[in-house]
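Every chain is numbered from 1 and lettered A, B, ... according to where its sequence line falls, protein lines coming before strand lines.
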2 protein chains.
Amino acid sequence: MNTPDDDWLRLDQQICFSLHAASRAFNGVYRGILKDLGLTYPQYLVMLVLWEHDELPVKKLGEHLRLDSGTLSPLLKRLEAAGLVRRERSSRDERSVEVRLTEEGVALRGRALQVPRRIAASTGFGPEEVRVLRARLDDLTNALDAAALAEPDGSSADERP
Amino acid sequence: MNTPDDDWLRLDQQICFSLHAASRAFNGVYRGILKDLGLTYPQYLVMLVLWEHDELPVKKLGEHLRLDSGTLSPLLKRLEAAGLVRRERSSRDERSVEVRLTEEGVALRGRALQVPRRIAASTGFGPEEVRVLRARLDDLTNALDAAALAEPDGSSADERP
DNA sequence: CACAATTCAGTTGTGTGCAACTGAATGACG
DNA sequence: CGTCATTCAGTTGCACACAACTGAATTGTG
């Protein structure tokens, strides 16, 4: 059972495509539902974090979402333009920018409460299935992240002083 | 255990984030490995399809990958600029454009054969685990696609005057 | 205290992904 | 045969993602 290279390539096509497609399909379903709130999917992710924390520096936000400032900065500017968040440099540390919800941003949470319900209704997934799926995806992410750290490319690594 | 709205929102945060993060982590691992081939992840997906079919109109390519011309046209132009594919309008149907591999494109397959092996090595996933994961992701995609069709949105539609 | 290394947000450039549109070619139908 | 709808690739505009960089603030070290 050697599983020749050709078969591996075919299999890779399938898994690559499956994950890519699943991600985009998920995005698409949320897009339709979030349109009512005037949010994109990544903006919704940011708001979910802020509804939990209420006030957070950009750095922490990025750690929660695994996103860097190159993605977050313009995104937060758009959320600010929409009146949902306010950004102000920390007086403690002038390098840091605190992101906090406006009243409008807090109020939006009320309307967002129906989103998970609509998603669940759309997919027919119950809380248990969601939990299982989430666990598997996290396993995958952890494996991939570990792999990315272990083999950043070819050779020249040296990441942790 | 009625699972109040607040808990649903928290759960939604987790599954949203998990899928989003998994997709990006996957992308990141492939990015590192595909850099050697000079391909991006979506370009690799296109090449995988072409290695199977050798010649395909843009339309069919889009059906295989669930991508539309808005995404494929510029991507294919880049692959053409890289010398991997050639695009020529069909003589049968002047609306259609046939995409076919160049010799270089065909040759790249040889170097790509090591990609799945390196991915597998990076993640420690065997063929069986890959198959199971793929099946779950396809289930998810099918559920989400069906949901997207069933509930395109709700209000301002007006798709065909 | 001075000065180099680090941390942080932001900017720039490239490559998707998708909606909406354009324009050319084909097909359907009276 | 002529007109109108449909099909197809391509373009435009917007919003991520991410790498690489900038510039300001802070920290660590001597």
Spacing of B/R78 atom CZ relative to C/dG13 atom P, expressed in whole Å
16 Å
Which part of the nucleic acid, if any, lies within reach of A/L72 when heavy atoms closer than 4.0 Å are counted: base, sugar-phosphate only, or nothing?
nothing
Tell me whether the side-chain N/O atoms of B/Q43 come closer than 4.0 Å to OP1 or OP2 in C/dG15.
no
Identify which one of A/D139, A/D138, A/T141 satisfies the side chain to side chain contact (heavy atoms under 4.5 Å, CB included) criterion when paired with B/S18.
A/D138
Checking contacts here: which listed nucleotide (D/dA15, D/dA17, C/dG17) is nearest the side-chain heavy atoms of A/L67?
D/dA17
Return the polar atom pairs (N/O with N/O) between nucleotides 19-28 of chain D and the protein under 3.5 Å, or none.
{"unit_1": "D/dT26", "atom_1": "OP1", "unit_2": "A/E94", "atom_2": "N", "d": "3.2"}

Start with the C-alpha distance between A/H20 and B/F26, add both sets of side-chain angles, then the distance that settles ring pair (Phe, Tyr, Trp, His ring centres under 6.0 Å), and finish with yes or no.
CA-CA 9 Å; A/H20 203 59; B/F26 215 71; 9.6 Å; no
Hey, is the side chain of A/R89 poking within less than 4.0 Å of OP1 or OP2 on C/dA9, counting only N and O atoms?
no
Can you tell me how far P of D/dC18 sits from NZ of B/K35, to the nearest Å?
14 Å
Testing A/L84, A/L108, A/L101 one by one against A/L50 for a side chain to side chain contact (heavy atoms under 4.5 Å, CB included), which residue passes?
A/L101
From CG of A/L76 over to C1' of D/dA17, roughly how many Å is that when rounded to an integer?
14 Å
Are any of A/K77's side-chain N or O atoms less than 4.0 Å away from OP1 or OP2 of C/dT11?
yes
Does a side-chain N or O of A/T40 approach OP1 or OP2 of D/dC16 to a distance below 4.0 Å, or not?
yes
Under 6.0 Å from the CD atom of A/E88, do we count more than 12 heavy atoms belonging to anything else shown?
yes
Any chance you could lay out the side chain to side chain contact (heavy atoms under 4.5 Å, CB included) test for A/R31 and A/T40, step after step, and finish with the verdict?
CA-CA 6 Å; A/R31 191 196 324 283; A/T40 66; over 6 Å; no
Take atom NZ of B/K59 and atom C1' of C/dA24, then tell me their distance rounded to the nearest Å.
16 Å
May I have the distance from A/L75 (atom CG) to C/dT11 (atom P), rounded to whole angstrom?
14 Å
Would you mind reading off the distance between B/R66 atom CZ and C/dA19 atom P, rounded to a whole angstrom?
14 Å
Taking the basic N atoms (NZ, or NE/NH1/NH2) and the acidic carboxylate oxygens, is any pair closer than 4.0 Å for B/E98 and B/R89?
no
Does a nitrogen or oxygen in the side chain of A/R24 sit under 4.0 Å from OP1 or OP2 of C/dT16?
no
Just N and O in the side chain of B/H20: are any of them under 4.0 Å from OP1 or OP2 of D/dA17?
yes
Taking only residues at least two apart or on different chains, which pairs with a member in residues 58-67 of chain B satisfy side-chain hydrogen bond (donor to acceptor under 3.5 Å, both in side chains)?
B/K59-B/E63, B/R66-B/D145
What integer distance in Å separates A/M47:CE from D/dC16:P?
13 Å
Nearest-Å distance, CG (A/N27) to C1' (C/dC18)?
9 Å
